[in-house]
Amino acid sequence: MHEFGAKPDGLTYNVMIKLCARASRKHLLVFVLERILEMGITLCMTTFQSLVAAYVGFGDLEIAESIVQAMREGRRDLCKIIRELDLEDYSSENEGDDDDDEVFEKLLPNSINPSSEPPLLPKTFAPNSRIYTTLMKGYMNEGRVSDTVRMLGAMRRQEDDASHPDHVTYTTVVSALVKAGSMDRARQVLAEMTRIGVPANRITYNILLKGYCQQLQIDKAKELLREMADDAKIEPDVVSYNILIDGFILIDDSAGALTFFNEMRARGIAPTKISYTTLMKAFALSSQPKLANKVFDEMLRDPRVKVDIVAWNMLVEGYCRMGLVEEAKRIIERMKENGFYPNVATYGSLANGISLARKPGEALLLWKEIKERCEVKKEGVNADSDLPPPLKPDEELLDALADICVRAAFFRKALEIVACMEEHGIPPNKTKYKKIYVEMHSRMFTSKHASQARQDRRRERKRAAEAFKFWLGLPNSYYGSEWRLDPMDGDEYITATLKERFYTVLTIQ
DNA sequence: ATAGGGTTAG
């Protein structure tokens, strides 16, 4: 920056706070503040605002609260306060990506050798309603409704006008109440807003609409939609309608969803990609993939919106819900041709479709594709940009695949998948797999009349089955008959990582 | 794409 003769200002560092937040560098936040002070840059309220928002984003309400409290008390040793709290729960484990270390060291050289005495604020800053509201959001995020409401009361009692609750503060309270399912109390807050002359806006109403939909009170939502237009003179927008359309899905009414989609367009409100995708969801979830496809085609034709991965996935989901694997695979080919790589949601839908269609062979193909994308290819990073981006599988996807493989007696693959689950910190549902195994395969390989040739062919599968039983903690050829069939034993006995374990087992014989 | 409190799809 200096090379270009440009000097960083307060805004620069507000961006940097956001950068630290996005890169999961909580412990660096305090050094942004210190850097601003060391460079003699004029501090402004937005910096404190950004800081509190960042800590709230990290879910660290202790530091967020302490900043607000220190500001209230007019303390100038804020950096020291934050540093000490930061130290208490410091762990480098979840502090971002090592590769970014150098960048941050350059941006915040003071973070490497922190000054022994953190700098003082040049003057004091009193919190304003924005900062209070940000802290309030922290309470809301943690479901602390009574703290949210108590905060509102405290703000009302403040002497300075800058700290009084405004429409955003009230909307945050409404949101907290709605999240807790307290629609009546939320309506009381809305009434209070009108009464005291802090009028609700479209966002407030949209939050309430969402609340009624979540409570499956679609009639109340429709009523409120009318009320906001007729009484409050706030025209519903595309978000309001998207919420209602989704509300119809929640009560299994795809026809109602379509009606509202059409009503929205009749009112001259342009659908967004979310509107289209939500309507597709209505048809996908009601086993009408062809209708979902029609919506998708209309979305393709609408120049105002761009089809994205979510829309493609919804299309795939529609076919997979019906177990139409071939159609789903064709869609996935098309999405690839259009430059979209399938993601966990795509593969998750497909895995469920394969399970429904009872085509375990498809699961093997899918697992092969997923496995290739799970492996982090260090060498390929700089070269071929054509490589699909690495995939982070989730529990739903891997569990669906493992389930299929266990049912189909693909034990080697099942072990690969559970190993992958452990690598990604997902606890495999051993109890479920054990149940499937016992119910479906416990009599496997027990036929005494099999020919020698057939027994030879089965050897490899049998070894895999034994390894799988070992992992499940079921009696197996390695531990013989002394093994008790106790659901807890397997978990307690086995301590090595799964990968080490089953590879060792497979090479014993 | 790039600070600044509250809402919508997978």
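Each chain gets a letter, A, B and so on, in the order its sequence line appears, and its residues count up from 1.
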(request) May I ask you to verify if any side-chain N or O of A:K137 is less than 4.0 angstrom from the OP1 or OP2 atom of B:dG6? (result) yes
(request) Quick one: pull up CG in A:L366 and CD1 in A:I354 and give me the separation to the nearest 0.5 Å. (result) 4.5 Å
(request) To the nearest 0.5 angstrom, please state how far the OG1 atom of A:T124 sits from the CZ atom of A:R72. (result) 13.5 Å
(message) The side chain of A:I207 is closest to which nucleotide in this list: B:dG6, B:dT8, B:dG5?
(response) B:dG6
(request) In whole angstrom, give the distance that lies between atom CD1 of A:I274 and atom C1' of B:dA9. (result) 5 Å
(request) With the side chain of A:S50 defined as its heavy atoms from C-beta on, choose the nearest nucleotide among B:dA3, B:dA9, B:dT7. (result) B:dA3
(request) To the nearest 0.5 angstrom, please state how far the CG atom of A:L244 sits from the CD1 atom of A:I249. (result) 11.5 Å
(message) Nearest whole Å is fine: how far is B:dG5 P from A:N14 CG?
(response) 11 Å
(request) Please report the closest heavy-atom contact between A:P427 and A:G425, naming both atoms and the distance. (result) CD-O, 3.6 Å
(message) Let's see if you can work this out: which of B:dT8, B:dG5, B:dG10 has an atom nearest to the side-chain heavy atoms of A:M314?
(response) B:dG10
(message) Distance alone, cut at 3.5 Å: any donor-acceptor contact between the side chains of A:T204 and A:N201?
(response) yes
(request) Send over the distance from A:I41 CD1 to B:dA3 P, rounded to a whole Å. (result) 17 Å
(message) Checking contacts here: which listed nucleotide (B:dG5, B:dT8, B:dG6) is nearest the side-chain heavy atoms of A:T171?
(response) B:dG6
(message) If you compare every side-chain N and O of A:K18 against the phosphate oxygens of B:dT2 (OP1, OP2), does one of them come in below 4.0 Å?
(response) no
(message) Counting only side-chain heavy atoms from C-beta out, which of B:dT8, B:dG5, B:dA3 sits nearest to A:L11?
(response) B:dA3
(message) Give me the distance, rounded to whole Å, that separates B:dG6 from B:dG10 when you measure between the C1' atoms they each carry.
(response) 23 Å
(request) State whether the distance check finds a donor on one side and an acceptor on the other, under 3.5 Å, for side chain A:T172 versus base B:dG6. (result) no
(message) I'd like to know if A:N343 reaches the base of B:dG10 with its side chain, counting only an N/O donor and acceptor under 3.5 Å.
(response) no
(request) Return the nearest nucleotide to the side chain of A:V15; candidates are B:dT8, B:dG5, B:dA3. (result) B:dA3
(message) Starting the side chain at C-beta, find the nucleotide from B:dG6, B:dA9, B:dG4 nearest to A:D246.
(response) B:dA9
(message) Side chain of A:K273 only, heavy atoms from C-beta on: which candidate in B:dG5, B:dA9, B:dA3 is closest?
(response) B:dA9
(request) Take atom CG of A:D237 and atom P of B:dA9, then tell me their distance rounded to the nearest Å. (result) 14 Å
(request) Go through the steps to decide whether A:R267 and A:Y241 satisfy the test side-chain hydrogen bond (donor to acceptor under 3.5 Å, both in side chains), and finish with yes or no. (result) CA-CA 11 Å; A:R267 267 181 111 152; A:Y241 273 96; 2.8 Å; yes
(request) Could you work out the separation of B:dG5 and B:dA9 based on their C1' atoms and round it to a whole Å? (result) 24 Å
(request) Check if the side chain of A:T346 and the base of B:dG10 share a donor-acceptor pair of N or O atoms closer than 3.5 Å. (result) no
(message) From the set B:dT7, B:dG10, B:dG4, return the single nucleotide nearest to any side-chain atom of A:K281.
(response) B:dG10
(request) Using whole Å, report how far CG of A:L244 lies from P of B:dT7. (result) 18 Å
(message) If I take atom CD in residue A:E235 and atom P in nucleotide B:dT7, what distance separates them, rounded to the nearest angstrom?
(response) 23 Å
(request) Looking only at side-chain atoms of A:T204, point me to the closest of B:dA9, B:dG6, B:dT8. (result) B:dG6
(request) Nearest whole angstrom, please: distance from the C1' of B:dG6 to the NZ of A:K210. (result) 15 Å
(request) For nucleotides B:dT8 and B:dG4, find the distance between their C1' atoms and express it as a whole number of Å. (result) 22 Å
